Amino acid sequence: MNITRRTLLAGTGALALMSRKAFAVPKVTARPDLFIGTGGHGHTYPGATLPFGMVQLSPDTDVERWDACSGYHRTDTSIMGFSHTHLSGTGIGDMLDVLVVPTAHKDRNAPVKLVPGTLADPAAGYRQHFSAEQAEPGYYAVTLESGVRSELTVTDRTGIQRHSFPTGAGHILIDLSHLILDSSDTKPLVDEAALAIDDTGLLTGSRRVFRWAKGRRIHFAMQLSRQPDRIQFYGDGDTPAPAAAKGVTGKRLKVVLHYDDAGAAPIVIRTGISAIDVAGARANLSAEARHWNFDRYRADAARRWAPALDTVKVEGGTPDQRTIMASALYHAQLGPTLFSDVDGRYVGLDRQVHRIDGKARAYSTYSLWDTYRALHPLLTLIQPDLSAELTGDLIRQTQQSPYGPPAWPLQGVETGCMIGWHAVSVLAEARAKGIPADYAAAWPNVRRRSFDFAMPDKDHSLGREQYDRLGFIPADQVWESVSRTLEYSYDDYASAHLADAAGATGDAARLRRRSGNWRNVFDPKTGFARPRLANGDWALPYDPIALGHSKKWRDFTESNGWQGTFVNQHDVHGLIAVMGGDAAFEAKLDALFNGPSTMPADAPPDISGLVGQYAHGNEPSHHVAYLYAYCGAAWKTQAMVRRLLTEMYKADPDGIIGNDDCGQMSAWFVLSALGLYPVDPVSANYVLGSPLFDRAEMQVGTRRLVVEARGNAPDRPYVQSVTWNGRPWTKSWIAHADLVRGGTLVFEMGSKPNREFGRAPADRPPRT
């Protein structure tokens with residue numbers, strides 16, 4: 001299709017604004033390294049996004065293997081192109097929508113490669129080797145082997161690209177099906193796709209995707225600063241559409257925009273996306289991308305990131321540690337991600353379109369099994385307004401979902417990933433911390449999930465009837481039975497707080513009683529949590545290092561008996577009692593950390609970062625180093641936390657010991673580096689650890705919180721004493737209500753432990 005070369009919807013003087021004018025970029029205390037976590041098993045991406053933004057515009061190097069769940073891995077040597085949505089740190093891949101592939105070539109008649117090729121053979125497709133990568137908050141750039149310099153930046157709901165071609169011809173390929181690398185359509189990942197161009201040159205498209213979030217939809221509207229000389233659409237099987245075609249439908253669609261003189265001027269691409277419809281994508285584009293000056297968008301993105309990265313300022317530590325801190329703050333503010341359009345429309349978990357009035361916004365990408373532990377507690381400190389918005393959003397999602405409180409919602413789809421329904425923890429924590437919301441509105445569906453066993457199940461909530469009737473989930477009937485019993489107990493505890501908010505006192509009492517079900521899978525004779533059969537017998541054989549008692553099912557979720565035994569977060573005092581008291585509990589923790597770091601051959605790669613049988617690379621262990629404080633041995637918490645801070649995080653691509661899981665691994669670092677950790681988020685208390693930096697300062701609401709570690713050094717991890725606002729503080733914990741009033745928390749550090757600090761029963765974390 002031949003279209004006269006002109007500027008699309010640019011307005012008078014738009015091309016003049018495309019000069020590479022320098023814009024001032026705000027300074028922050030330390031610069032994050034966006035490549036931290038892109039190697040190893042971190043599963044992060046280096047591309048451009050805004051804090052909690054809808055668009056994540058980033059390069060795709062792979063879409064298949066586990067270590068490229070984000071679409072990118074630092075060890076890969078070729079890039080397919082740049083897509084507009086990515087997941088950060090997850091253990092399952094999805095998204096990677098609307099791939100844009102710029103390619104330069106000398107011959108305007110050169111054939112276009114329509115398939116990606118492979119990492120082993122990039123030349124078999126449109127992949128390109130690359131060099132000169134650059135990544136900073138809100139900006140990414142790279143040079144492709146064909147000579148194109150590609151730059152990416154974003155607004156909340158739009159991606160902005162600038163591609164500078166060398167002299168000569170070139171093309172831009174938009175591929176809606178690069179998730180499919182073979183020719184089989186027996187189980188298509190994409191269907192109901194469409195591409196079209198209108199008389200103004202606006203390119204629009206849609207697709208439905210069946211990957212992790214089955215049946216999610218994405219729509220886009222794309223404008224280019226320079227009109228192509230020719231446009232060619234391709235349908236299923238890479239069949240070219242007629243030359244005059246203005247669109248194509250099918251499952252595997254592409255369009256190629258040809259430029260005879262691509263190097264004449266940079267080509268800027270503006271793309272709005274929406275989960276609702278093309279009209280929503282067009283409206284998002286129109287509202288947020290009103291000019292063509294790439295550098296101005298880039299500067300605006302940097303300005304948006306500056307206050308987010310300034311939420312915590314630190315002094316001391318090593319340069320690498322300050323970089324890790326800045327990078328962890330960055331990764332902890334990528335999600336949950338914006339999901340509502342500029343008009344307030346979004347897709348609910350009932351798969352229906354809803355609209356939010358006023359300034360409220362809807363969100364997606366809640367990795368709740370991971371993030372209820374540290375990410376959401378961190379946000380209540382550094383992003384309280386956002387925490388309030390997320391609280392309202394989770395209440396709406398709980399009301400709209402056929403499954404009740406969300407487990408892992410992604411793009412309007414309940415994936416049902418992991419176990420439990422930990423949205424109740426986030427809501428109960430918010431209530432305990434005084435975040436205003438209509439918690440009672442969530443209660444009816446929380447109650448249904450808790451007590452209505454006819455309510456539809458997904459994998460995250462299997463075995464609820466047995467759990468209620470027997471007090472545990474039988475290992476001969478439901479897989480991952482021990483972990484489910486333990487985590488359902490925590491969700492009961494959190495749900496009881498929501499029942500209180502609704503005035504349902506009887507239900508609250510029932511939930512509190514049932515939250516003690518963890519005891520029914522704890523064997524006092526062996527001192528371990530272990531699987532039970534439906535007849536009440538303990539399942540045999542039992543090995544605490546194994547993941548299950550049989551080859552049929554695993555008894556634990558991404559953990560084994562050692563790690564599962566300490567999953568209890570809400571009744572640590574009860575766990576101490578059934579283990580035989582403080583000394584026995586302390587000895588059991590010692591055995592956990594000092595045992596052999598061996599795992600069975602069938603262990604998933606998520607179980608990483610081993611210290612004995614403690615696994616820092618996966619979330620069930622994240623609170624465990626802080627449990628020493630509950631038995632009066634806070635000094636052991638201090639030593640182990642400092643070890644984990646310095647051994648499990650590095651300032652290089654392989655710098656996160658396990659999947660970052662939407663910021664949870666990063667949030668653990670931020671909070672622990674501050675000397676604080678929420679073992680039980682719903683309690684609204686933090687256990688004290690060992691601050692990494694000499695001084696940290698943050699804004700908590702309208703107040704300022706300062707944490708000082710005097711006499712701090714790598715060989716001085718032990719707390720000698722603490723003062724809070726100048727007064728002695730003998731407790732090994734502190735309440736959220738204290739911290740948000742602002743003040744100064746001072747740790748006096750030393751090379752030898754003060755075994756008396758936090759030892760008295762009155763100074764230990766309280767029962768909840």
Side-chain angles (χ1 to χ4, degrees), residues 419 463 466-467 470-490 514-604 607 610-615 618 620-628 630-633 636 640 679:
I419 61 174
Q466 299 98 315
Y467 169 83
L470 299 174
F472 64 91
I473 297 175
D476 50 345
Q477 295 181 1
V478 181
W479 55 291
E480 299 181 335
S481 63
V482 180
S483 291
R484 291 179 188 276
T485 300
L486 296 169
E487 297 204 27
Y488 293 6
S489 296
Y490 186 78
R514 206 171 66 174
S515 72
N517 277 359
W518 65 268
R519 295 172 181 268
N520 298 326
V521 291
F522 183 85
D523 178 8
K525 291 183 179 180
T526 63
F528 286 99
R530 55 181 296 192
R532 295 181 70 175
L533 305 178
N535 64 8
D537 292 342
W538 296 111
L540 294 172
Y542 178 69
D543 176 359
I545 291 179
L547 277 66
H549 73 284
S550 71
K551 293 183 179 180
K552 182 178 181 181
W553 285 323
R554 290 176 174 173
D555 300 319
F556 297 89
T557 302
E558 294 184 6
S559 56
N560 62 13
W562 270 107
Q563 295 139 24
T565 293
F566 294 97
V567 160
N568 188 327
Q569 295 170 254
H570 63 293
D571 191 9
V572 180
H573 294 276
L575 185 61
I576 291 172
V578 298
M579 281 194 181
D582 293 340
F585 186 74
E586 182 178 345
K588 193 74 169 183
L589 284 170
D590 289 344
L592 170 78
F593 285 108
N594 295 322
S597 295
T598 56
M599 291 299 296
D602 62 340
I607 305 177
L610 293 174
V611 178
Q613 281 294 303
Y614 171 90
N618 213 25
S621 290
H622 273 190
H623 65 286
V624 175
Y626 290 89
L627 295 183
Y628 281 114
Y630 289 77
C631 61
K636 289 187 176 180
M640 184 53 65
V679 169

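As the structure is a prediction and not an experimental result, all values here were calculated from the model.
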Residues 532-542 side chain polar contacts: donor-acceptor under 3.5 Å, at least two apart:
unit_1: R532; atom_1: NE; unit_2: G536; atom_2: O; d: 3.1
unit_1: R532; atom_1: NH1; unit_2: N520; atom_2: O; d: 2.9
unit_1: R532; atom_1: NH2; unit_2: G536; atom_2: O; d: 2.9
unit_1: N535; atom_1: OD1; unit_2: D537; atom_2: N; d: 2.9
unit_1: N535; atom_1: ND2; unit_2: D537; atom_2: OD2; d: 3.2
unit_1: Y542; atom_1: OH; unit_2: A529; atom_2: O; d: 2.9

Could you tell me which non-hydrogen atom of [X] sits nearest to which non-hydrogen atom of [Y], and how far apart they are?
{"X": "Q613", "Y": "Q563", "result": "O-NE2, 2.8 Å"}
{"X": "V478", "Y": "W553", "result": "N-CZ3, 3.7 Å"}
{"X": "G561", "Y": "T565", "result": "O-OG1, 2.6 Å"}
{"X": "L610", "Y": "A615", "result": "CD2-CB, 3.7 Å"}
{"X": "P600", "Y": "L547", "result": "CG-CD1, 3.2 Å"}
{"X": "H570", "Y": "N568", "result": "N-OD1, 3.3 Å"}

Subject >> side-chain contact (heavy atoms from CB on, under 4.5 Å) evaluation trace for V679 with Y630 >> reply: CA-CA 10 Å; V679 169; Y630 289 77; 3.5 Å; yes
With heavy-atom distances below 4.5 Å as the criterion, would you say the side chains of [X] and [Y] are in contact?
{"X": "M579", "Y": "L575", "answer": "yes"}
{"X": "K588", "Y": "C631", "answer": "no"}
{"X": "F472", "Y": "F522", "answer": "no"}
{"X": "W518", "Y": "V578", "answer": "yes"}

Original post:
Atom CZ of F556 and atom CD1 of I419: how far apart are they, to the nearest 0.5 Å?
Top reply: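 F556 atom CZ to I419 atom CD1 measures 10.5 Å (nearest 0.5 Å).
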Subject >> Gap separating the CG atom of L470 from the CG atom of N517, nearest 0.5 angstrom >> reply: 9.5 Å
Subject >> Near-ring test W562/F528, centroid separation under 6.0 angstrom >> reply: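 Yes, the ring centres sit under 6.0 Å apart.
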Original post:
Out of R484, E487, E480, which one pairs with T557 under the side-chain hydrogen bond (donor to acceptor under 3.5 Å, both in side chains) rule?
Top reply: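 It is E480, the one option of R484, E487, E480 that forms the side-chain hydrogen bond (donor to acceptor under 3.5 Å, both in side chains) with T557.
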Subject >> Pairing of K636 and D590 as salt bridge, 4.0 angstrom limit >> reply: yes
**OP:** Evaluate side-chain contact (heavy atoms from CB on, under 4.5 Å) for I473 paired with Y488, printing each intermediate quantity in order.
**Re:** CA-CA 10 Å; I473 297 175; Y488 293 6; 3.4 Å; yes
Original post:
side-chain contact (heavy atoms from CB on, under 4.5 Å) between Y467 and S489: does it pass, once the steps are laid out?
Top reply: CA-CA 9 Å; Y467 169 83; S489 296; 3.5 Å; yes
Original post:
Under the 3.5 angstrom rule, does the side chain of D555 hit a backbone N or O of H549 as a donor-acceptor pair?
Top reply: yes
**OP:** Applying side-chain contact (heavy atoms from CB on, under 4.5 Å), run through M640 and L589 and close with a yes or a no.
**Re:** CA-CA 11 Å; M640 184 53 65; L589 284 170; over 6 Å; no
**OP:** Please work out whether the ring planes of Y628 and F593 are parallel, tilted or perpendicular, with thresholds of 30° and 60°.
**Re:**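 Y628 and F593: parallel rings.
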